[in-house]
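Dumping the structure here so I can ask a few things about it.
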Amino acid sequence: MEEIRKSIEMPIAKIDKTSRIIYGVVYKASKEFDENGNPVDYEDTQGNWAKPEEVKKACHSFNKKLQNRKVAFNGGVDKQHNEVAGYGIVVESYIAKVAEPDINAGVGDWVAAIEVTDNACWGEIEKQEITGFSIGGKAKIAEKGGAKGEQG
């Protein structure tokens, strides 16, 4: 049997031009696995994946960090992983409890809405030069026999 995996990107699924808010899935949880425990539904563009409980843990950790006044004051959202805040503000960040077909979210997926506050960045979104969501972070990548290391 041939192994089938989909590597997916997280596109901006919905744009509210009046409010300058973009909506989409931040991270799609892997829920279907083969007999070896490998996902057959989703993996990210680096070939990594996470079960719903790990996606939820990451979302909650991120949301807790947003409570930090310094992070919130600086806007909290960078652009293209430049680690410079100030391009937008997270106005929603949650785990989907039901499927949301209009943004391609399934139960257990991490969803966000970002108010884009930077004019140049908004222009890039309108010109479709910026087309999706991408999280940055560190994770312990596990494989059979133990942890493989950290990814940043």
Side-chain angles (χ1 to χ4, degrees), residues 5-33 38-142 147-152:
R5 288 192 183 185
K6 292 193 290 185
S7 179
I8 58 172
E9 295 183 6
M10 299 296 120
I12 294 170
K14 192 162 114 181
I15 298 174
D16 179 337
K17 291 184 178 189
T18 305
S19 302
R20 287 177 41 157
I21 296 176
I22 58 174
Y23 299 84
V25 173
V26 174
Y27 203 90
K28 204 160 214 18
S30 296
K31 301 171 202 111
E32 297 175 28
F33 302 89
N38 297 311
V40 295
D41 51 0
Y42 302 107
E43 61 182 28
D44 65 26
T45 54
Q46 285 78 41
N48 298 316
W49 54 273
K51 291 181 177 180
E53 57 270 17
E54 290 301 317
V55 174
K56 182 177 182 178
K57 185 176 170 184
C59 175
H60 288 179
S61 176
F62 175 79
N63 290 343
K64 287 177 187 176
K65 287 179 184 175
L66 286 179
Q67 300 305 311
N68 176 317
R69 287 176 138 323
K70 184 176 179 183
V71 172
F73 179 76
N74 288 328
V77 177
D78 69 357
K79 182 175 87 169
Q80 308 289 65
H81 299 285
N82 68 0
E83 297 187 18
V84 176
Y87 295 92
I89 298 168
V90 178
V91 294
E92 293 182 49
S93 175
Y94 62 93
I95 298 299
K97 304 289 187 234
V98 297
E100 298 181 47
D102 62 326
I103 59 171
N104 193 30
V107 174
D109 293 346
W110 181 359
V111 178
I114 309 295
E115 179 182 344
V116 181
T117 56
D118 179 79
N119 290 333
C121 186
W122 180 252
E124 292 170 319
I125 290 168
E126 286 187 310
K127 291 186 259 181
Q128 296 185 343
E129 293 169 357
I130 295 177
T131 59
F133 291 87
S134 179
I135 61 171
K138 293 185 180 190
K140 288 186 179 180
I141 309 298
K148 191 163 95 173
E150 284 201 14
Q151 174 168 327

- Item | Validation row: I114, V90 side chains within 4.5 angstrom (heavy atoms) | yes
- With sequence neighbours excluded, tell me which residues meet salt bridge (Lys or Arg N to Asp or Glu O under 4.0 Å) with K14. D102
- Item | Closest heavy-atom pair and its distance - I15, I12 | CG1-CG2, 3.6 Å
- Closest heavy-atom pair, Y27 versus D44, reported as atoms and distance to 0.1 Å, is OH-OD2, 3.0 Å
- Output all residues satisfying side-chain hydrogen bond (donor to acceptor under 3.5 Å, both in side chains) with E53, sequence neighbours left out; order by chain, then residue number. none
- Sequence-distant partners of Y94, ring-ring contact (aromatic ring centres under 6.0 Å, His included), two or more places apart: none
- Message: Are W49 and F33 an aromatic pair, judged by ring center distance below 6.0 Å?
- Response: yes
- Where do V26 and A112 come nearest, in terms of heavy atoms and distance? CG2-CB, 3.4 Å
- Query: So which heavy atom on V55 is nearest to which on G108, and how close?
  - Reply: CG1-O, 3.8 Å
- Kindly check if the number of other-residue, nucleotide or ligand heavy atoms within 6.0 Å of CD (Q128) is above 12? no
- Query: Rounded to the nearest 0.5 Å, how far apart are CD1 of I22 and CD1 of I125?
  - Reply: 4.0 Å
- Message: What I'd like to find out is whether the side chain of T131 reaches to under 4.5 Å of the side chain of P11, using heavy atoms alone.
- Response: no
- Message: Going by the rule salt bridge (Lys or Arg N to Asp or Glu O under 4.0 Å), which residues pair with E124 if we only count those two or more places apart in sequence or in a different chain?
- Response: K79
- Query: For F133 and V25, what are the C-alpha separation, side-chain angles and deciding distance, and is it a side-chain contact (heavy atoms from CB on, under 4.5 Å)?
  - Reply: CA-CA 7 Å; F133 291 87; V25 173; over 6 Å; no
- What's the shortest heavy-atom distance between A29 and Y42, and which atoms? O-CD1, 3.8 Å
- Message: Ignoring hydrogens, what is the shortest heavy-atom contact between W122 and K17? Give both atom names and the distance.
- Response: CZ2-CA, 3.9 Å
- Item | Close side-chain approach of V111 to I103, heavy-atom, < 4.5 Å | yes
- Query: Taking atom SG of C59 and atom NZ of K64, what is their separation to the nearest 0.5 Å?
  - Reply: 11.0 Å
- Message: Enumerate the side-chain hydrogen bond (donor to acceptor under 3.5 Å, both in side chains) contacts for residues 104-120, please, sequence neighbours excluded, ordered by first and then second residue.
- Response: R20-N119, K28-D109, K31-D109, S93-W110
- Query: Residues in salt bridge (Lys or Arg N to Asp or Glu O under 4.0 Å) with K51, at least two apart?
  - Reply: none
